[in-house]
Amino acid sequence: MPELPEVETVRRDLSRRYVGDRLEHLEVTGKRTVRRHAPGRLATLEGHVLRNIGRHGKYLLFEWDDGRVLVAHLRMSGQLLAATGEPAAHTHAVFSFVKAGELHFVDPRTFGEFFLGDRAGEGPEVAQLAHLGPDALEVKTSYLAKAFAGRRAPVKSLLVDQRVLAGIGNIYADEILYEAKVRPDRPAGKLTREEVGRLARSVRSVLGAAVKARGSTLRDKRYTDVSGAAGNYQLQHRAYGRAGQSCLRCGAPVERARIGAKSAYFCPNCQR
DNA sequence: CGCATATCCTGACTGC
DNA sequence: TGCAGTCAGGATATGC
C-alpha cells in the first residue's frame, strides 16, 4: 500500500531513470486507468520530454517540456516498474522512453489512476489536487493544532485525511501515533498542545526514517521500488501488524482495534 | 458541516 | 485438497 515514503522512493527512482528522456510511445490498455477525461488525451504526451517529477502526498506529478502535468496515484495495489519484455499480468499502461526503455504500470485492483492535470497557476500544482493539505513531511505544529481544533473525530482519522495532511495512510498513522505515545482513538480536538507537538515531530521523523529505508514492503509484496526491490522499513515497524505481541517500549500486549473501517494497532499502556 | 459508512477491486488468507 | 467467505485499505460518494 504505497503511502508517502513508498511514493517518494518511486519518485526518486523514476527521476534518476526517466527525467530528461523523451516519451516515444504510450499505450494505455486498462479500462479504468484514465477516468477523469478521455483516455486518448494521454497519447498527446508522445514526443515530449519529461522535465521533472514532483510529488504531493501520495500523488506523483510528471512535468513535461510543454508545461503539462501528468498526475498519477497508485492507490492500493499500483506499481510502476522499469521493465523489459512481456508485460506482467494486470499491466494497464506501458510508457516507452527513447533512452531508458519501458515503464510499466501494473495494478491488480485497478484503483490506481492517471490524468492530465489542469494547471492552477504558477508551479506544478494542479486544480484537481487543490483539496489536499500540506505534504506531511512539511507539517508544522501550529498548522496541526488549528486543523485539530474542535474536532471530535479520532486523531487517527484526521491523520489519514488527505485534506488535513497529504501522504499518511493506515500503516504510517499507527507508527506515528505509537512514536508520539498518543492513542489513535483520542478525539483530535482534545489533544494538548504538547501532544500535538509530539505528533507533528513524529510525522516528520517516522516518514523521514521510512523514506531513508525506501518504504515498507509487506508480505503481499504490493509495493516494491521501480526496479522491483523491496523496501526495508517494515523491519522497523513497532505497532502495525503486531497485535498480541509485546510492546517494544513497555512489554504490554499490543492491541488491535477498529477505527472507522480500518484496523488500528497500538499499545494501550504507553499510548495515552 | 462533521462524522460514519459503503463502494470500487483482486489476491491472500482462514476455516470448514 | 477445495472452496466459500473474509479481509486488506486509498479516495470518494452518500447518508444521517
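Only a predicted model underlies this, so the values are computations on that prediction, with no experimental measurement involved. Labels below follow one simple rule: chain letters A, B, ... track the order of the sequence lines, proteins then strands, and each chain is numbered from 1.
Between B/dT10 and A/His90, no contact under 4.0 Å exists linking OP1 or OP2 to a side-chain N or O. Note on A/Arg36: a side-chain N or O is less than 4.0 Å away from OP1 or OP2 of C/dT12. Contact check, A/Arg151 against B/dC3: a side-chain N or O comes under 4.0 Å of OP1 or OP2. Considering only side-chain N and O atoms, A/His131 lies nowhere under 4.0 angstrom from the phosphate OP1 or OP2 of C/dA11.
Between A/Arg163 atom CZ and B/dC1 atom P there is a gap of 10 Å when expressed in whole angstrom units. Between the CD atom of A/Glu113 and the C1' atom of B/dC9 there is a distance of 15 Å, given to the nearest Å. Distance, A/Leu218 CG to B/dC13 C1': 14 Å, rounded to whole Å. Per the geometry, CG belonging to A/Asp161 stands 10 Å off P belonging to B/dC3, to the nearest Å. Rounded to whole Å, the distance from CD on A/Gln162 to C1' on C/dT12 is 12 Å. One can place CZ of A/Arg35 at 11 Å from P of C/dA13, the figure rounded to the nearest angstrom. Here B/dC8 presents its C1' atom at 6 Å from CZ of A/Arg32, a figure rounded to the nearest Å. When the C1' atom of C/dG10 is taken as reference, atom NE2 of A/His56 falls 15 Å away, rounded to whole Å.
In this structure, A/Ser263 reaches the sugar-phosphate backbone alone: every heavy-atom distance under 4.0 Å involves primed, P, OP1 or OP2 atoms, never a base. Residue contacts for A/Ala261: at a heavy-atom cut-off of 4.0 Å it reaches no nucleic acid atom on any strand shown. At the heavy-atom level, A/Pro154 lies under 4.0 Å from the strands shown only through sugar-phosphate atoms.
Of the listed nucleotides (C/dG10, C/dT12, C/dC7), C/dC7 has the atom at the smallest distance from the side chain of A/Arg258. Among the nucleotides C/dC7, B/dC8, C/dA11, the one closest to any side-chain atom of A/His73 is C/dA11. Closest to the side chain of A/Glu3, from the set C/dG10, B/dG11, C/dA11, is C/dG10. Closest contact between the side chain of A/Lys58 and the listed nucleotides B/dC9, C/dG10, B/dC3 involves C/dG10. Of the listed nucleotides (B/dC9, B/dC13, B/dC3), B/dC3 has the atom at the smallest distance from the side chain of A/Arg152. Checking C/dC7, B/dG11, C/dG10 against the side-chain heavy atoms of A/Asn170 singles out C/dG10 as nearest. Between B/dC8, B/dA4, B/dT10, one nucleotide has an atom nearer to the side chain of A/Ala153 than all others, and that is B/dA4. You'll find that the side chain of A/Arg75 is closest to C/dA11, out of B/dC13, C/dA11, B/dC9.
The only option from A/Val49, A/Leu26, A/Leu50 that meets the side chain to side chain contact (heavy atoms under 4.5 Å, CB included) definition with A/Phe97 turns out to be A/Leu50.
Comparing A/Arg219 and A/Thr110, the nucleotide of DNA chain B nearest to each residue sits closer to the 5' end for A/Thr110.
Taking the centre and axis of the six-membered ring of A/Tyr178, the NZ or CZ atom of A/Arg238 falls outside the cone set by 45° and 6.0 Å.
Residues A/Leu137 and A/Gly208 approach most closely at CD2-N, 4.1 Å, considering heavy atoms.
Under the 30°/60° scheme for interplanar angles, the aromatic rings of A/Tyr172 and A/His237 are found to stand perpendicular. Ring geometry for A/Tyr265 against A/Tyr240 counts as perpendicular: the plane angle is over 60°, on a 0 to 90° scale with 30° as the lower cut.
Taking the six-membered ring for Trp and the full ring otherwise, the centers of A/Tyr223 and A/Tyr233 sit at least 6.0 Å from each other.
On the P atoms, C/dT14 is 16 Å away from B/dC9, given to the nearest whole Å.
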